[in-house]
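Just so you know, ligand 1 is whichever comes first in the structure, and atom 1 is the first atom listed for that ligand.
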Amino acid sequence: MSKVKSRKQIAKMRKAGRVVAEMHEEIRRAIRPGVTTRQLDAVGRAVIERRGATSNFLGYHGYPAVICASPNDVVVHGIPDGYVLEDGDIVAIDCGAVVDGWHGDAAFTAAVGDICEETARLVDVTERSLLNAIKTMVAGNHLGDIGHAVQSTAEGAGFSVVEGYTGHAIGRAMHERPEVPNLGRPGKGPKLRVGDVYAVEPMVNAGLPDTYELDDGWTVKTEDGSLAAHFEHTIAITDDGPEVLTVP
Ligand code: MF3
Ligand code: CO
């Protein structure tokens, strides 16, 4: 269990979160048919440099980029490359930044051009599962409430939750203990405390929940080739309830 963060420390994490949010804004504007995921990584890099931040992704267990870009049936950890985004694709963008030793981590999934209605529903439900999870993040509630909110939202809409990858506490390191599962039972697991900061990150598949990893050691895909969406925020639990730190 990581230690709770002070108000001062959370203020520092807010700065890291703001850099991540800025990466999101600029990458979102750059997403369109014809753009490669490597170009989106360059947009993220420019924001990190401009803000005097550093990347927590680059070099993490040898990871070669500052963002993950995961199109279509890639669930998470897609490595930016020469893949050209096409009209009708979706792409999940995961970004992180470090300011003064404190980490931020957040992801969104965007439409490339026009996407079909059922694909839009997958993206919307995945985002809603995160927003519903955030609502539960009040001191005295339990970690299981977060997972339950994600699971009930996604499964209630007919989609499935990926089990093998989780959210995590975050602070002076990107990944602190405990993990934050995207499935859970209400009232179970450790109690949420004022000063806890968690990266909550639902990964939702349109088809079956099963995934596999490519030989590159990173890219995670849906076993059945169905589409997947991913959203993430870094959230602090304060006296006044949840505060999303990865916002502009
Ligand atoms: N946001 C991801 C996570 O929470 C981190 C991406 S893995 C990395 O685990 F290697 F790119 F850093
Ligand atoms: Co994360």
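A heavy-atom distance below 4.5 Å is found between the side chains of Asp114 and Asp87.
Numbered from 1 in the order shown, with element, the atoms of ligand 1 that lie under 4.0 Å from a heavy atom of Asp94 read 1 (N), 2 (C). Close approach of ligand 1 to Met174 is summarised as follows: ligand atoms under 4.0 Å from at least one heavy atom of the residue are 12 (F). Here is the list of ligand 1 atoms found below 4.0 Å of a heavy atom in Glu232: 1 (N), 4 (O). Residue contact check: Trp218 has heavy atoms under 4.0 Å from atoms 10 (F) of ligand 1. When each atom of ligand 1 is checked for a heavy atom of His168 under 4.0 Å away, the hits are 3 (C), 4 (O).
Between the side chain of Glu127 and the main chain of Asp124, no donor-acceptor pair closer than 3.5 Å is present.
Counting protein heavy atoms only, atom 9 (O) of ligand 1 is closest to His175 NE2, 2.8 Å. In terms of protein heavy atoms, atom 4 (O) of ligand 1 is closest to Glu201 OE2, 2.7 Å.
Heavy atoms of Cys68 found under 4.0 angstrom from ligand 1 belong exclusively to the side chain. Counting heavy atoms under 4.0 Å from ligand 1, residue His61 does not touch it at all. Neither the backbone nor the side chain of Tyr165 has a heavy atom within less than 4.0 Å of ligand 1. Of all the heavy atoms of Phe57, the ones lying under 4.0 Å from any atom of ligand 1 are found in both the backbone and the side chain.
Inclusion of Tyr60 in the set of residues having an N or O under 3.5 Å from an N or O of ligand 1 is not warranted. On a distance-only criterion, Asp105 and ligand 1 share at least one N/O pair closer than 3.5 Å. Taking distance alone, with nitrogen or oxygen atoms compared against 3.5 Å, Tyr63 stays at or beyond that limit from ligand 1.
For the Co ion (ligand 2), the N/O/S atoms of His168 include one lying under 2.8 Å.
A centroid separation of 6.0 Å or more is found between the aromatic rings of His77 and Tyr63.
When the Co ion (ligand 2) is compared with the N/O/S atoms of Glu201, atom OE2 turns out nearest.
Remark: at the Co ion (ligand 2), atom OD2 from Asp105 and atom OE2 from Glu232 enclose 90°, rounded to the nearest 10 degrees.
Applying the 6.0 Å contact sphere to CD of Glu25 captures more than 12 heavy atoms from other residues, nucleotides or ligands. Counted within 6.0 Å of CZ on Arg7, heavy atoms from surrounding residues, nucleotides or ligands total 12 or fewer; the atom is thus considered open.
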For this session: Report the C-alpha separation of His175 and Asp105 in whole Å, then their side-chain angles, then the decisive distance to 0.1 Å, and conclude whether the side chain to side chain donor-acceptor pair (under 3.5 Å) test is met.
Result: CA-CA 10 Å; His175 294 142; Asp105 183 9; 4.8 Å; no
Problem set entry | Audit row: Thr153, Asn132, side chain to side chain donor-acceptor pair (under 3.5 Å) steps and yes/no | CA-CA 8 Å; Thr153 305; Asn132 288 341; 3.0 Å; yes
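The pair Lys5-Glu176 meets the salt-bridge criterion, with a side-chain N (NZ, NE, NH1 or NH2) lying under 4.0 Å from an Asp/Glu carboxylate O. The existence of a salt bridge linking Glu118 and Arg121 is confirmed by a sub-4.0 Å separation between a basic side-chain nitrogen and an acidic carboxylate oxygen.
Just one of Arg51, Arg45, Arg50 meets the salt bridge (Lys or Arg N to Asp or Glu O under 4.0 Å) condition when paired with Glu26; it is Arg50.
Atom-to-atom distance recorded for Glu201:CD and Thr166:OG1 is 7.0 Å, nearest 0.5 angstrom.
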